[in-house]
Amino acid sequence: MEYQIFMSKLKEKGYQPQIFGHSDNVCDMINVRIFDPMRPHFESSSLYLTSTNTMPAANTNAEFTLMCFGERLDFSVYEQSCFTILYFGTSFSQAALFNTAMELLTEIQQITAGMHLLLNASFSGKGLQYLVDTASRIFGNPIYVVDLQNKYLAISAGIVPDNDFFREESKSGYISKQGIASIRANHLDEMVRKYNHPYYYTSELVHTGMLVDAIHIQNIEVGHVMMLESEHPFEDYVPDFFHRFCKLVSLELQKDPAYTRNKGVMYSYFLVDLLRNPQNNIENFKERLEVLGYNLKSSFYIIAIPPSAQSSSHLQLEVILEHLKRIFSGSIYVIYEDTIVFLINKDLYQGFSEYELTQLKDYLSANNLKAGISNFYQNLEDTSRFYQQAIDAINLGLKLNTSNPLCYYSDYYVYKMLEIFEKEDTEIRFLIHPGLMNLYLYDQEKGTDFLNTLQEYLKNPGQSSLVAKNLHVHKNTLLYRMGKIKELIGSDLTQGDDYMNMNLSLMIMKYLNML
């Protein structure tokens, strides 16, 4: 036990010794011994006990801590001594002081042994749940880790309190409305922050004592650890031990980028949970957001900027995120697997405003970024699926060398279908309409540009003047070309199916980089 901790423990037990000799004691004591004048050998790790009748020489050249009792001496002779003297006067016996010292050092030995097991659990790489289960076995009581959005990150297995309230909360994965109301009524969060140490209180909901301590990452509070006094009463050393365990929980959470990159961001962990665990109880998710004052609307979009869309940008993710937050105020956002993700919350039929899209497009263009935008959806349990849509839109946009910084999944879903089909059949070129293949080969042989003419014609059907203008040719030239094109493809392009077939084939050719 460190000297300073030992002194604070003595004060807690009502001892107020006078201190003489070496004032900057940094000894770490692990045992207590009765001083033997016949064997004046000292170790800094030992705490020595003696009466004032058998004090060591003032010039003893060793650093250690000495507890003494009895008639007062002239301690001024020890002013330059290398060791520290704690003088307790005449009111304490050797037995009382020895028992007190042994009790305090035994506590720290128990903490040390327990911390050894906890450190092994932390270094095992088995995650937070394993660390919490190990701690629960050491303490002999159930332990709960929750984030600031009242979601249980870990619940110790094995020891389950005989309490319906906790059993129901464990099933839902979140602290209930009733539990949140109790926390607020008892100002529990404020008390934990005030003392910066485990806070003990008795919950009226479970009728048992509880220790609560905060988890911090880089001095930012990200959650709490709770331990119920349901199986064993807390011994005197438990709060200090529990506080050390909570620091290990903090270190464990720092291994998860969702906490290190989104610390202190309201609602972010909810979005991570939706992306990781799409089958979680959505009603509980909505209830948590409602309790926190977030207004869920009826439709949602996902905007994603994955690493592949950031490769040519010099900006850090946090810088990009800060700017996008100003464009999409009221959204839920997170940095997830090095991807910036926004859950955009909209009323049905509302969609994105012109301002939002213009600001987003300008910012992305200025910083060599691209963003994928999913289709809209209405069920939160589908969030991970629509997140994948946004990622697919980006990847396909990059594959097709789009210059547009906004990649809408609605523009790429056919290419996604082709991608899936390509995994089943590598020869998707055989799906190209034979008439269009004739046109492609004719251009290759004759050096004409009929395929490009057809693409422009299909973009603007029935608008010959606009098509001629875009191609920089006379309208009569366009009419001649279209006659030849219709002959080569074997269609007069008067039916809707013809347009669909030609457009689909052009998309296949584009996907295969034939255009």
Side-chain angles (χ1 to χ4, degrees), residues 127-128 147-149 151 153 214-223 249-276 294 300-345 352-353 355-374 383-384 386-399 401-409 412:
L128 178 63
D147 64 21
L148 294 184
Q149 284 71 52
K151 170 181 165 50
L153 302 178
I215 315 166
H216 294 88
I217 295 178
Q218 297 178 14
N219 296 319
I220 296 176
E221 186 177 333
V222 298
V249 172
S250 172
L251 291 174
E252 191 65 40
L253 287 180
Q254 289 181 59
K255 299 175 185 178
D256 187 338
Y259 288 89
T260 55
R261 307 201 80 163
N262 300 285
K263 50 189 179 293
V265 178
M266 183 64 81
Y267 316 124
S268 291
Y269 307 147
F270 281 113
L271 182 50
V272 170
D273 200 31
L274 278 178
L275 295 171
R276 286 180 175 172
Y294 189 82
F300 313 99
Y301 296 83
I302 293 292
I303 294 180
I305 305 178
S308 58
Q310 309 158 16
S311 56
S312 59
S313 177
H314 64 285
L315 299 180
Q316 295 181 341
L317 294 185
E318 290 78 7
V319 175
I320 300 170
L321 182 65
E322 284 302 314
H323 188 89
L324 298 187
K325 280 161 54 178
R326 294 194 288 270
I327 298 174
F328 299 107
S329 60
S331 58
I332 299 177
Y333 44 85
V334 73
I335 298 175
Y336 174 71
E337 297 179 345
D338 290 327
T339 298
I340 294 174
V341 186
F342 273 74
L343 174 65
I344 309 295
N345 192 27
F352 293 99
S353 70
Y355 168 82
E356 290 172 328
L357 293 178
T358 300
Q359 290 290 311
L360 177 60
K361 189 172 183 178
D362 289 349
Y363 180 75
L364 296 174
S365 298
N367 293 286
N368 298 313
L369 296 165
K370 291 186 185 297
I373 303 179
S374 74
T383 295
S384 62
F386 284 82
Y387 164 72
Q388 191 58 51
Q389 279 193 3
I391 298 298
D392 288 339
I394 283 287
N395 292 336
L396 288 165
L398 292 171
K399 176 181 175 66
N401 297 313
T402 181
S403 59
N404 194 336
L406 297 180
C407 299
Y408 294 91
Y409 186 77
Y412 291 97

Does Tyr301 have its ring centroid less than 6.0 Å away from the ring centroid of Phe352? yes

Is the closest side-chain heavy-atom distance between Leu153 and Leu253 below 4.5 Å? yes

What verdict does the side-chain contact (heavy atoms from CB on, under 4.5 Å) test give for Ile320 and Leu369, after you've listed the backbone C-alpha separation in whole Å, the side-chain angles of each residue and the deciding distance to 0.1 Å? CA-CA 10 Å; Ile320 300 170; Leu369 296 165; 3.9 Å; yes

Under a 4.5 Å cut-off applied to non-hydrogen side-chain atoms, are Ile303 and Ile344 in contact? yes

Is the shortest side-chain heavy-atom distance between Asp392 and Tyr409 below 4.5 Å? yes

Can you list the residues that meet the side-chain hydrogen bond (donor to acceptor under 3.5 Å, both in side chains) rule with Gln310, with sequence neighbours excluded? none

Rounded to the nearest 0.5 Å, how far does CD1 of Ile373 lie from CD1 of Ile394? 9.0 Å

How close do Leu274 and Ser384 get, heavy atom to heavy atom, and via which atoms? O-CB, 4.1 Å

To the nearest 0.5 Å, what is the distance between OG (Ser331) and CZ (Phe300)? 12.5 Å

Value rounded to 0.5 Å, distance of CG in Leu360 from CG in Leu406: 5.0 Å

Please report the interatomic distance CD1(Ile391) to SG(Cys407), rounded to the nearest 0.5 Å. 11.0 Å

Mind listing the closest non-hydrogen atom pair of Ile305 and Leu364 along with its distance? CD1-CD2, 4.0 Å

State, with a plain yes or no, whether a side-chain heavy atom of Tyr387 is found less than 4.5 Å away from one of Tyr336. yes

To the nearest 0.5 Å, what is the distance between CD (Gln359) and NE2 (His323)? 6.5 Å

Under a 4.5 Å cut-off applied to non-hydrogen side-chain atoms, are Lys370 and Thr402 in contact? yes

Is the shortest side-chain heavy-atom distance between Ile335 and Leu321 below 4.5 Å? yes

Over all atoms of both residues, closest heavy-atom pair of Ala304 and Thr339: CB-CG2, 4.1 Å

Tell me the closest heavy-atom pair linking Ser308 and Asn395, and the distance in Å. OG-OD1, 3.4 Å

Kindly indicate whether the side chain of Leu324, heavy atoms from C-beta on, has any atom under 4.5 Å from the side chain of Tyr363. yes

Closest non-hydrogen atom pair between Phe386 and Ile302, with its separation: O-CB, 4.0 Å

Interatomic distance, CG@Leu271 vs CG@Leu343, rounded to 0.5 Å, equals 5.5 Å

